[in-house]
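Quick caveat: nothing in here was measured; it's all calculated off a predicted structure. Order of appearance sets the numbers: ligands from 1, and atoms from 1 within every ligand. Counting begins at 1 with the first residue of the sequence.
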Amino acid sequence: MPALTDADVPAWTRRLGLPGLYDVHVHFMPANIMDRVWAYFDDAGPLVGRPWPITYRHSDEERVQRLRGLGVRRFSALPYAHKPGVAGYLNDWAAGFAEAVPEALRCATFFPEPDAAAYVTKAIDDGVELFKVHWQVGGFDPRDPLLDGVWGVLEDTGTPVVVHAGSGPVKRAFTGPGPIGEVLAAHPRLPAIIAHMGAPEYVEFLNLADRSERVRLDTTMAFTDFFEVDAPFPRELRPRLLELQDRILLGSDFPNIPYPYAHQLEALERLELGQEWLRAVCWDNPMALLG
Ligand SMILES: [Zn+2]
């Protein structure tokens, strides 16, 4: 199979018979914060673990144009708070971004802090469609009692939340299937989206999805050459991806990826799970969940 380039992506999508791509794991955030994220990747900081050149280091406007050029018809704009007191600022910014960019989902984040349940409730009332939390970076415990009300309102309203719960690229205190498993035991209807297929704990997170029917997994960076080096997806688990076909969602981590966008799609295609599976993952499933 010839390597896909970004220029090939629209034709690849058309061959599948899809109107475009629906990517649930894209980051946009205020420029000063994105600059700091990029500086962290440049230094291969301790949470990154190895060189990680950013492929799409452009202005917001240019990155939106790139996504349009790739035929990404709908995408998230996931901010995430790394400390208390910043979620409000990030969420205000994300609201403005979604207002200005019609393809962008309205997204928000939260952190364990006393007003979290209140601002999450307000955000949902204001139309937020998708949340993101990142306790690998934030270093917090998802079982923190300050988050109880947050998980409850997300569960009651059926609002999806992308969670970076896996221990990749670097393990931290509350990553892995245990802590989020306890959250899901307490909130069994929580529509959690496990980022990166739960890498590197693939089998544990597939098991979690088997137990919790509202849990989804996003493909973000999984199956790519870059991830396969440190966290290879076990070939024998591929049938599980077919069994969970309806609950796997396209995610890319654009723009913070060390390879072209097209490589994520190539990595999905070479799983050889068929066109039906690709159509479900790249469009139908995110569309069914998020509209
Ligand atoms: Zn991400």
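Metal site remark for the Zn ion (ligand 1): H164 contributes no N, O or S atom at a distance under 2.8 Å. Look at H25 and the Zn ion (ligand 1): an N/O/S atom of the residue is under 2.8 Å from the metal.
A distance of 11.0 Å separates CZ in R15 from CG in L278, rounded to the nearest 0.5 Å.
A salt bridge links E182 and R143; the closest N-O separation between the charged side-chain nitrogens and carboxylate oxygens is under 4.0 Å.
Of all N/O/S atoms in D253, OD1 sits nearest the Zn ion (ligand 1).
Of the options W38, F254, Y259, Y261, a ring-ring contact (aromatic ring centres under 6.0 Å, His included) to Y56 is made by F254 and by none of the others.
Taking the six-membered ring where tryptophan is involved, the planes of F97 and F75 are tilted, since the angle between them lies from 30° to 60°.
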